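Some notes on the structure that comes next.
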2 protein chains.
Amino acid sequence: MTDDTRWLAPEESAAWVRLVAMAELLPGALDAQLLRDAGLTHFEYAALMAIAEAPARTIRMTELASRTNATLPRLSHVARRLEERGLITRFPCPEDRRATNARITEAGLDLISRAAPGHVETVRANVLDALTPTQLEQLYEIAGAVLTRLDPDERLTATSCQFSEGPVVGGERLRSSAR
Amino acid sequence: MTDDTRWLAPEESAAWVRLVAMAELLPGALDAQLLRDAGLTHFEYAALMAIAEAPARTIRMTELASRTNATLPRLSHVARRLEERGLITRFPCPEDRRATNARITEAGLDLISRAAPGHVETVRANVLDALTPTQLEQLYEIAGAVLTRLDPDERLTATSCQFSEGPVVGGERLRSSAR
DNA sequence: GGGTGTTGGTTGTCGATACAAGTAATCGCG
DNA sequence: CGCGATTACTTGTATCGACAACCAACACCC
């Protein structure tokens, strides 16, 4: 019984353990802060952000699912809850009546505008402030290389920065695109 | 209304988006392969591994929770299911009768021994093979820095490599420590 | 214009986790 | 000792996501 498995070298194992730990702890940290301060999961926040940044603050469900790395059923459930809370509205797409459009409401915009500063602060406190500019660039390259394997369709690498919480969310630029 | 939030610079946003995407997609990829090939979630696999590597293949619940980044309630539920499947046994700790010890069974050892090669292959295919040795070292440093923020107790950085799937799991070394 | 297949989305069910509450054993300390 | 506080874990409840099944609309093709 020959075993041709290429087991992990110590350096590989050490890096892997840390990566897994980070991947497991990060979502919980993001959810905890957002739930406490805004009553939103990180996924809900990201979805609302993606809608807000879309032209006319409206986006198709499939496009939104792709932008948020979600399956369509998951997004459907989340969208229903967000709609029940009055944060988004859904309506059939005129061009393709199979499709559904999601639009963020004023209440939704208000909520993410209020939630954004705290979230950005959390991101800085937990991740960005721990890294040097060089490490930030390295992280960008490393995550990009991994995503090529994890997400063969490259949906992510193609989309622009959906989390650019800069002036886009500050208020004016967010609304100016709509009216 | 002054806004003193330090919004994300483009380089920060780009790296952050990729990190979040990686953190969201990685667990699913690991679970999918292990569930398909061994009927285990990645968390269950990691837990069984941690037990197998402990002295006498036995470990306390609290220690195991720390090693696997899990809350105690979560671990308790998982342990019950693993026990029902005959992969581990639980019994009160003799020294401290509040505590519970978990020990992996022969069936559990067999299962992770059979699951390990496929899992290692998945880790290589999705992550390690995408990185250069230099990037591996960078990832180790970056994840270490982030974990210092995410896991203030530093439980993780203190523990040795629980995923070292080398000779430890090959069969002999795993059992030699037990009898 | 009517199959046939594909796309877009929703719904139902089930398993899994978080959170809160509860229990039992141990520790600290007067 | 003996009583409160802490530790270690379990259980119950509610929520969330995965998967599969389903339905409606479009696309094509002859």
Side-chain angles (χ1 to χ4, degrees), chain A residues 23-36 39-47 51 58-85 88-103 153 155, chain B residues 23-36 39-47 51 58-85 88-103 153 155:
Chain A
E24 284 181 353
L25 294 177
L26 191 53
L30 300 178
D31 282 342
Q33 181 269 324
L34 279 170
L35 276 172
R36 175 167 45 81
L40 289 173
T41 65
H42 177 251
F43 179 78
E44 291 169 334
Y45 175 83
I51 303 175
T58 303
I59 193 173
R60 282 203 191 160
M61 294 292 284
T62 298
E63 172 70 12
L64 184 57
S66 173
R67 282 232 208 287
T68 55
N69 316 316
T71 61
L72 216 33
R74 176 183 182 186
L75 181 61
S76 183
H77 285 303
V78 172
R80 176 178 46 74
R81 285 171 226 148
L82 291 177
E83 190 171 35
E84 286 168 357
R85 293 168 65 180
I88 68 170
T89 59
R90 284 186 295 176
F91 57 95
C93 176
E95 295 99 345
D96 185 343
R97 281 177 13 205
R98 293 172 300 180
T100 302
N101 279 335
R103 175 178 300 161
D153 306 343
R155 302 167 309 184
Chain B
E24 284 180 353
L25 293 176
L26 192 53
L30 299 177
D31 282 341
Q33 180 269 324
L34 279 169
L35 276 172
R36 176 167 44 80
L40 289 173
T41 64
H42 178 250
F43 178 77
E44 291 169 335
Y45 175 82
I51 303 175
T58 303
I59 193 173
R60 278 203 184 143
M61 293 292 283
T62 298
E63 172 70 11
L64 184 58
S66 173
R67 281 234 209 286
T68 55
N69 317 316
T71 60
L72 214 34
R74 176 182 183 187
L75 181 62
S76 184
H77 286 303
V78 171
R80 177 178 45 75
R81 294 188 285 255
L82 291 177
E83 189 171 35
E84 286 168 358
R85 292 168 64 180
I88 68 170
T89 59
R90 285 187 295 177
F91 56 95
C93 177
E95 295 100 345
D96 184 345
R97 280 180 11 206
R98 293 173 300 181
T100 301
N101 280 334
R103 176 178 299 161
D153 308 343
R155 303 167 309 183

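In the text below, chain A, chain B and the rest are named by the order of the sequence lines, each starting its count at 1. These numbers come from a predicted model, not from an experiment.
Where A/Asn101 and A/Ala32 each meet DNA chain C at their nearest nucleotide, the meeting point lying more 5' is that of A/Asn101.
Comparing C/dT17, C/dG8, D/dA25 by their nearest atom to the side chain of A/Ala99 picks out C/dG8. Listed nucleotides: D/dA18, D/dC26, C/dT10. Nearest to the side chain of A/Met61: C/dT10.
Inter-residue side-chain proximity for A/Leu34 and A/Thr41 is flagged as unmet; no heavy-atom pair is nearer than 4.5 Å. Looking at B/Thr68 and B/Arg74, their side chains never come closer than 4.5 Å, going by heavy atoms from C-beta outward. Looking at A/Glu83 and A/Arg80, their side chains never come closer than 4.5 Å, going by heavy atoms from C-beta outward.
Note on B/Ser76: a base of the nucleic acid sits closer than 4.0 angstrom, heavy atoms only. Across all strands shown, A/Thr71 has heavy atoms under 4.0 Å from sugar-phosphate atoms exclusively, and none from any base.
One interatomic measurement links the two molecules: CG of A/Leu75 to C1' of C/dT10, which rounds to 11 Å at whole-angstrom precision. Put simply, CZ on B/Arg74 is 18 Å from C1' on D/dT13, counting in whole angstrom units.
A donor-acceptor contact under 3.5 Å links the side chain of B/Arg98 to the base of D/dT7. Under 3.5 Å, the side chain of B/His77 and the base of D/dG12 form at least one donor-acceptor pair of N or O atoms.
Here the closest non-hydrogen pair linking A/Leu75 and A/Met61 is CD2-O, 3.1 Å.
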